Amino acid sequence: AVTPKELHALVNVNAAGCRLANYPAQSRQPEPGQLRYGAHVDSGGITILSVDPFNPTGLQVDLSHVGTQADESERKWVDVLPVE
């Protein structure tokens, strides 16, 4: 568990914002190159996700640390599994 003090150290308290994203079920597979939210950077805050335990695929993080301007071939995408 994360303590309130640890949580406060992880968040930029001077920045305010909220982004909500909903990914409803699709009736067909997306076209090649078509993404829902696409690769992006979440920084200065905390990301809370609610994952469908019956379909937990789709969320990945880039562990390459190559930065936002790097070529896609330099990235190391890893699946994020839900925590119960």
Side-chain angles (χ1 to χ4, degrees):
V2 178
T3 67
K5 184 176 181 179
E6 292 170 322
L7 191 59
H8 191 268
L10 295 171
V11 178
N12 178 355
V13 296
N14 296 317
C18 180
R19 177 174 62 192
L20 301 174
N22 180 31
Y23 302 106
Q26 294 181 306
S27 60
R28 60 185 171 87
Q29 290 294 319
E31 299 294 325
Q34 182 182 26
L35 301 172
R36 289 183 177 208
Y37 220 85
H40 61 278
V41 176
D42 289 334
S43 58
I46 296 173
T47 301
I48 299 172
L49 303 167
S50 176
V51 180
D52 179 353
F54 299 104
N55 185 22
T57 61
L59 178 65
Q60 297 179 319
V61 294
D62 175 17
L63 298 180
S64 65
H65 302 287
V66 295
T68 58
Q69 302 301 316
D71 185 80
E72 188 62 29
S73 65
E74 300 176 60
R75 300 195 179 284
K76 181 182 178 186
W77 292 102
V78 178
D79 291 331
V80 176
L81 302 175
V83 176
E84 294 185 26

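Small disclaimer: the values here were computed from a predicted structure and weren't measured.
- With sequence neighbours left out, D71 forms a side-chain contact (heavy atoms from CB on, under 4.5 Å) with S73, E74.
- Side chain of D62 to backbone of K76: a donor-acceptor contact under 3.5 angstrom is found.
- Residues passing the side-chain hydrogen bond (donor to acceptor under 3.5 Å, both in side chains) test with Q69, sequence neighbours excluded: none.
- When hydrophobic clusters are built by joining Ile, Leu, Val, Met, Phe, Trp and Tyr residues whose side-chain heavy atoms come closer than 4.5 Å, directly or via intermediates, V61 is not grouped with W77.
- The minimum heavy-atom distance linking V66 with R75 is given by the pair CG2-NH1, 3.6 Å.
- The side-chain contact (heavy atoms from CB on, under 4.5 Å) check on E6 picks up V2, T3, with sequence neighbours excluded.
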